[in-house]
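In what follows, chains are A, B, ... by sequence order, proteins preceding strands, each numbered from 1.
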Amino acid sequence: MDPKISTVEETLTIWMADAFRNAFRKKELSDIHAPVSAATDEKFGDFQCNAAMGLARVLKRNPREIADQAIQAAGPHPWVERCEVAGAGFINIFLRTEWLADRLQEIEADTKLGTPAAGKGRTVVLDYSSPNVAKPMHIGHIRSTVIGNALDRLHRFLGYRVIADNHLGDWGTQFGLLIMGYRHFVDRAALGAHPIQELERIYVKSYEKSREDPAWLDDARRELVKLQQGDPDHLALWQLFVDLSLKEFEEIYRRLDVSFDLVRGESYYRDRLAGVLDLLRQKGLAVESEGAQVVHLEEEGLPLCIVQKSDGGYNYATSDLATVQSRIEEFDPSAIVYVTDERQQLHFNQFFAIARKAGLDANLVHVWFGLMRLPEGTFSTREGNVIKLDRMLDEAEARALALVKDASPDMPEAQQKDVARAVGIGAVKYADLSQNPQSLITFTWDKALSMDGNSAPYLQYAYARISSVQDKYRERFPEGDLAKWPIVLNEAVERRLALRLVRFPSVVLRATELYRPNLLADYLYDLAQTYSSFYQNVPFLKAEEGLRESRVRLCGLVARTLRQGLNLLGIETPERI
RNA sequence: GCUCCCGUAGCUCAGCUGGAUAGAGCAUCGGAUUUCUAAUCCGACGGUCGCAGGUUCGAAUCCUGCCGGGGGCGCCA
């Protein structure tokens, strides 16, 4: 669709804002906001505008009169059948049904279902997933990966240039211990079979030894220094750890259908660290304290931040500053977005503040999400109650396979497995994406793998049924020509469906702007519910010619919207379930 | 001690830049399948939106305090 074309909400908002401006020009209310949004209830029309009530306070006048005056000033609009003032001063907007049907036909002709290219010409760097080398990915990693990937897809869909960067934890102090562990404890057979598991084992063993044996800890520090000084043997070992870990991560990303433009660990920026510290010192931000270099952030109401340890090593904040510097130089992004759990809020507040003070001019955004917990409390590596990500995905696929075999016993086995994979993985992703990211998640198998109600399988099932409708139509009416018949909206549920379909672009925009994929998930669930009601209660293949074609076209649009929406969430849509 | 987040139906959660009678799913109960995929649909039951103040025509939403839960706070990332 023409990028100039905006969403229904935007068009109506401009119309209403103009109306208010014209009606109250003399009051110099040029900056008036008159947002139009979807009506909260069907009986209040299709869209509503609540600006009159806010204005009433400023003008000290009756809100209903203000609303009336605005409607008078607005005059007729080609899309709008009528406006009504209701309640305390709500303006309820009723759209012409014929216009809705026309709009559906425009959307149908557009590859992006009417979504404007809002991000055209802008670049956004998305920093997500970012697991640590030599540690397995567990259920705590899935939110960053799945939410980050959904934001990735949403931005791309809106025309942004997206740089998805997997900022691996590959340059920490753990490598000294890891090298010591490798030299003394490694089991090569185990390393070949389950690399990360073995790396984790030798790390834990080395860590435990360091706690009781100071000499061991000293050796580990020495190994770390050698690595940081670029000793070839140490670098080779480090590279081995990274490669082995990455290989396993990639297997999980493949299963999750997640891909990155860049996989640059912290190590990528290590040559910049000294320069960043120089910059901070030049600007008078970094000062010496107890042998370390620290930045005071009292003005910002934040605790001080250590940017260089007393032993000369650099900290996370410094590394992140170097990363920002590099990203600005290379990509000139309009935003750099980090997707991590809530525990890093303070860190990001500190490092954003330092970046600002140091003149690293970038729109830095921290999208944080609540920590995943188990019903019995937080999970931790120490207590051994972590749930590994691959195991969870296996379980999801197994449960889905049982359902598919039950529902479609005649389906070829390979297809059953393929469908089960899509459904199982979809269920896991949706369980995360359908909630407000900023809430604690209590992990339960049944919830994460829920297959009915508000779940990915419900949406996938709705989609599969529509696909079946399309096929049956072509089968039974081989010479039917859908394009020959216009879309008509006779039944109330058809109109409801239309109203939801035209809102898709604004939902996508809002979900992207607020970094809240769950807004899109909510919308899709609502759309699928409305469709299921339509499917159950309105005949279409059995309807008379014309009506039949109109309804099949409507089905087609719902299918495309569901498919597109689920695709933006990274969830597949099998044609059959 | 300082600080951030959360508290909505029995359970899991939406709704939060103030708007109309607070919504879903699960669970429970009742109904729908000779007919387009029943992983479905239709209906019922279920709430002092943690508590108390405040701002406002209007508060789950904003402010203050308290209670309860979780996270973070100088040499980890």
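- Atom CZ of R399(A) is separated from atom C1' of A39(B) by 15 Å (rounded to the nearest Å).
- Rounding to whole angstrom units, CG of residue N518(A) and P of U12(B) are separated by 18 Å.
- Listed by first then second residue, pairs satisfying salt bridge (charged side-chain N to carboxylate O under 4.0 Å, His left out) with a partner in residues 304-326 of chain A number zero, not counting sequence neighbours.
- Using a 4.0 Å cut-off between a side-chain N of Lys or Arg and a carboxylate O of Asp or Glu, R496(A) and E491(A) do not qualify as a salt bridge.
- Here C73(B) presents its P atom at 18 Å from CD of E298(A), a figure rounded to the nearest Å.
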Readout for nucleotides 24-36 of chain B: B = base within 4.0 Å of protein heavy atom, S = sugar-phosphate only, - = neither; 5' to 3' it is SSS--------BB

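- Here C76(B) is the nucleotide among A39(B), C76(B), G71(B) with the atom lying nearest to any side-chain atom of T173(A).
- Between the P atom of C76(B) and the CG atom of D311(A) lies a distance of 7 Å, rounded to the nearest Å.
- A residue-by-residue look at V419(A) and G291(A) shows that V419(A) has its nearest nucleotide of RNA chain B further toward the 5' end.
- The closest side-chain heavy-atom distance from L304(A) to L297(A) is not below 4.5 Å.
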Which protein N or O atoms sit under 3.5 Å from an N or O of nucleotides 16-21 of chain B?
residue: U17(B); atom: O4; partner: R510(A); partner atom: NH1; Å: 3.4
residue: A20(B); atom: N6; partner: Q48(A); partner atom: OE1; Å: 2.8
residue: A20(B); atom: N6; partner: N92(A); partner atom: OD1; Å: 2.5
residue: A20(B); atom: N1; partner: N92(A); partner atom: OD1; Å: 3.4
residue: A20(B); atom: N1; partner: N92(A); partner atom: ND2; Å: 3.2
residue: U21(B); atom: O4; partner: K43(A); partner atom: NZ; Å: 2.6

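- Within the 4.0 angstrom heavy-atom criterion, only backbone atoms of the sugar-phosphate kind lie near E266(A); the bases stay farther away.
- Note: CD1 (I66(A)) to P (G58(B)) measures 17 Å, nearest angstrom.
- Within 4.0 Å of L346(A), counting heavy atoms only, lie sugar-phosphate atoms of the nucleic acid but no base atom.
- Legend: residues meeting ring-ring contact (aromatic ring centres under 6.0 Å, His included) with F20(A), ordered by chain and number and at least two apart, are absent.
- Backbone-only engagement by N315(A) is indicated by non-hydrogen atom pairs under 4.0 Å involving sugar-phosphate atoms exclusively.
- One atom, CZ of R221(A), and another, P of C75(B), lie 13 Å apart when rounded to the nearest Å.
- L302(A) comes within 4.0 angstrom of nothing in the nucleic acid, heavy atoms only.
- Taking the six-membered ring wherever Trp is involved, the centroid distance between the rings of F351(A) and Y338(A) falls below 6.0 Å.
- Considering only residues two or more places apart in sequence or on other chains, Y461(A) meets the ring-ring contact (aromatic ring centres under 6.0 Å, His included) condition with none of them.
- Both D41(A) and Q435(A) sit near RNA chain B, but only Q435(A) has its closest nucleotide nearer the 5' end.
- Between Y269(A) and H167(A), the ring center distance clears the sub-6.0 Å criterion.
- Remark: the Y316(A) side chain and the E266(A) side chain contain no N/O donor-acceptor pair separated by less than 3.5 Å.
- A77(B) sits 26 Å from G69(B) when the C1' atoms are compared, rounded to a whole Å.
- The side chain of Q345(A) lies closest to C4(B) when the candidates are A39(B), C4(B), C76(B).
- Nucleic acid contact for V404(A): base, since at least one base atom lies under 4.0 Å from a heavy atom of the residue.
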Are there any protein N/O atoms within less than 3.5 Å of an N/O atom in nucleotides 43-46 of chain B, and if so, which ones and at what distance?
none

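- Across the protein-nucleic acid pair, H347(A) atom NE2 and G71(B) atom C1' stand 16 Å apart, rounded to whole Å.
- Side-chain nitrogen and oxygen atoms of Y316(A) include none within less than 4.0 Å of the OP1 or OP2 phosphate oxygen of A77(B).
- Between the CZ atom of F348(A) and the C1' atom of C5(B) there is a distance of 16 Å, rounded to whole Å.
- OP1 or OP2 of C42(B) sits under 4.0 Å from a side-chain N or O of S533(A).
- Looking at heavy atoms from C-beta onward, H138(A) lies out of side-chain contact with I387(A) at the 4.5 angstrom threshold.
- When the side-chain nitrogen and oxygen atoms of Y458(A) are compared with OP1 and OP2 of C41(B), one or more of them lie within a distance under 4.0 Å.
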